Amino acid sequence: MANKLDSSSMSIDIRPYICGGLAAMIAETATFPMDTAKTRLQLQGKAVEYKGPIHTIRTVVAQEGLANLYKGLSPALFRQAVYGTIKFGLYYTAKDVYFSINPSRNESNLANLFCAIFAGSVSSAIANPTDVVKVRMQAKGSQPMGSLFSVFRDIWWKEGVAGLWRGVCPTAQRSGVVAGVQLPVYDFSRNQLARKRLVPEGAFCNLTASILAGLSACVASNPIDVIRTRLMVQRKFLKEHGPDILPRQKIFKSSFECFVYTIRNEGVGALYKGFLPSFCRMGPWNIIFFLVYEKFKLLF
C-alpha cells in the first residue's frame with residue numbers, strides 16, 4: 001500500500017508508537033467514567049460512601065454533576081499520549097532489538113515478559129506527573145481543582161519537582177506488572193487461539209485475547225494500584241484540611257508503610273477495593289485498545 005510507513009530504512013519501527021498512542025487515547029476516553037469510580041472506591045477507608053461502581057457513578061452524577069465523571073480526562077489523555085505511545089512502542093522495539101541480537105532464538109514468553117516490564121516501568125516513570133494530576137482531579141474534594149495546567153502549576157509551586165513524581169515507585173511497579181501481564185498474555189493468547197483454531201482468526205480472536213489480557217492484568221495490579229492512588233492523593237487532603245487532618249487521615253511516608261497500614265486497619269480485602277470497576281474499565285479498555293490498535297496497524 002502506498003500509504004504504509006516505510007520502516008525498512010529505519011532502525012526503529014515507529015508504527016507501534018503511533019498506533020499505540022492513538023489507540024490508548026481512544027480507549028481512555030471511552031472508559032474514563034469507570035476509572036473515576038475506581039479511584040473513588042479505592043480512596044474511601046472504613047467509612048463507606050460508595051457501594052460499587054454503578055452506585056459510585058450515580059452518586060457522583062447526582063451530587064456533583066455529569067461533568068465530574070470526566071474530571072481529570074485532560075491529564076489522562078495527556079498521560080496516554082506519553083505513556084501509551086512509549087509503552088507499546090518500546091515493547092515491540094525491545095523485542096525487535098532482543099531478537100536482532102539473538103537471531104537464533106525463537107520468541108518466548110519469558111523474553112516478552114522482560115520486554116513488557118521494561119517498557120511499562122520506563123514509560124510510567126516518564127508520564128508520572130500526568131498521573132498525579134489525574135488522580136487529584138478525580139478525588140472528591142471541597143475545593144475546585146481548576147484546569148490541567150493550574151493543577152500542574154499548584155503542585156510545582158507548593159511541592160516542587162518531587163511532588164510531580166509522588167508515588168512514582170508504586171506507579172512504575174504497577175505499570176511494570178500490568179504491562180508484564182497484559183502484553184505477553186495478549187500475544188500468547190492470540191497466537192495460541194489462532195494456532196489451535198479455538199476461535200476464528202481475526203477480530204474475534206483479538207477480542208478474546210484482549211479480555212484475557214485485561215483480566216490477568218487487573219488481578220495482578222490491583223493491590224499496587226490501591227497503594228499508588230492513596231499515596232498520590234495525600235497532598236490534596238493536606239491542602240484542603242491542613243494539619244487538623246492528621247489525627248483523622250494517616251499520611252504515609254512510603255508505599256510499604258501504606259501497604260502495611262492498609263492491611264492492618266482494613267484487611268487484605270482492602271487491596272482489592274475498586275477491583276470490579278477496575279476490571280469493568282480494564283476489560284473494555286483492552287478490548288477497545290487492541291481492536292483499534294490492530295485496525296490502525298493496517299492503515300500505516
Side-chain angles (χ1 to χ4, degrees), residues 1 3-5 7 13 15-35 38 53-54 80 83-85 87-96 98-99 105-120 123 174-222 225 272 275-300:
M1 292 177 61
N3 63 336
K4 285 183 177 288
L5 293 177
S7 59
D13 187 353
R15 286 175 295 178
Y17 293 88
I18 297 173
C19 297
L22 292 174
M25 293 175 71
I26 292 172
E28 189 75 15
T29 302
T31 60
F32 195 76
M34 197 59 71
D35 187 57
K38 179 205 71 172
I54 303 302
Q80 289 300 340
Y83 169 69
T85 299
K87 181 176 81 169
F88 294 101
L90 192 58
Y91 171 63
Y92 290 106
T93 298
K95 286 176 62 175
D96 290 343
Y98 174 79
F99 291 113
R105 295 194 177 186
N106 296 323
E107 183 168 340
S108 67
N109 294 327
L110 185 61
N112 290 347
L113 172 66
F114 282 116
C115 290
I117 291 175
F118 169 72
S123 57
R174 176 188 179 273
S175 297
V177 169
V178 169
V181 175
Q182 175 196 48
L183 299 177
V185 167
Y186 176 76
D187 283 345
F188 175 79
S189 299
R190 188 181 60 170
N191 292 337
Q192 290 298 311
L193 289 170
R195 182 181 304 169
K196 296 183 179 180
R197 298 182 180 179
L198 298 175
V199 297
E201 191 171 359
F204 189 69
C205 180
N206 296 338
L207 172 66
T208 306
S210 65
I211 293 174
L212 293 173
L215 177 61
S216 302
C218 194
V219 170
S221 67
N222 204 87
D225 196 28
Y272 280 90
F275 176 81
L276 181 57
S278 181
F279 175 65
C280 289
R281 174 181 180 270
M282 190 171 286
W285 196 101
N286 275 270
I287 292 171
I288 295 169
F289 171 81
F290 283 113
L291 291 180
V292 172
Y293 178 79
E294 296 294 342
K295 291 295 182 182
F296 274 142
K297 284 202 305 183
L298 300 176
L299 299 176
F300 293 99

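All values derive from a computational prediction rather than experimental measurement.
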To check you understand the geometry: which heavy-atom pair defines the closest contact between C218 and F279, and what is its length? SG-N, 3.5 Å
Should L90 and F118 count as side-chain neighbours, where that means a heavy-atom distance under 4.5 Å? yes
D13 side chain reached by T93 side chain, heavy atoms, under 4.5 Å: no
Interatomic spacing from CD1 in I26 to CG in L291 - rounded to 0.5 Å: 11.5 Å
What distance do M25 atom CE and T85 atom OG1 have between them, rounded to the nearest 0.5 Å? 8.0 Å
Using a 3.5 Å distance criterion without hydrogens, assess whether the side chain of S216 forms a donor-acceptor pair with backbone atoms of A213. no
CG-CZ distance between N222 and F275, expressed to the nearest 0.5 angstrom: 6.5 Å
Are Y293 and K297 packed together at the side-chain level, in the sense that at least one heavy-atom pair is separated by less than 4.5 angstrom? yes
G120 and A179 have their tightest heavy-atom pair at CA-CB, 3.8 Å
Please state whether the rings of Y186 and F290 are parallel, tilted or perpendicular, taking 30° and 60° as the class boundaries. parallel
Determine, using ring centers only, whether F289 and F88 are less than 6.0 Å apart. yes
Student check: side-chain heavy atoms of I211 and N286 closer than 4.5 Å: no
Can you check side chain to side chain donor-acceptor pair (under 3.5 Å) on S123 and Y91, steps first, answer last? CA-CA 10 Å; S123 57; Y91 171 63; over 6 Å; no
S221 and V178: which non-hydrogen atoms are nearest, and at how many Å? CB-CG2, 3.3 Å
Do the side chains of V177 and R174 get nearer than 4.5 Å, heavy atoms only? no
Do K95 and D187 make a side-chain contact, defined as non-hydrogen atoms from C-beta onward lying under 4.5 Å apart? yes
Out of curiosity, E28 CD to D35 CG, how far, rounded to the nearest 0.5 Å? 6.0 Å
Contact summary for F99 and S108, nearest pair of heavy atoms: CZ-N, 4.2 Å
Decide yes or no for M282 and K38: does some side-chain heavy atom of the first lie under 4.5 Å from some side-chain heavy atom of the second? no
Taking the side chain as every heavy atom from C-beta outward, state whether L22 and F296 have any pair of such atoms under 4.5 Å apart. yes
Minimal non-hydrogen separation, V181 against A220, with atom names: CG2-CB, 4.0 Å
Find the distance between OG (S175) and CG (D225) and round it off to the nearest 0.5 Å. 9.0 Å
Measuring from atom CG of N112 to atom CD1 of I117, what distance do you get when rounded to the nearest 0.5 angstrom? 11.0 Å
Nearest heavy-atom approach of N109 to F188 is OD1-CD1, 3.5 Å
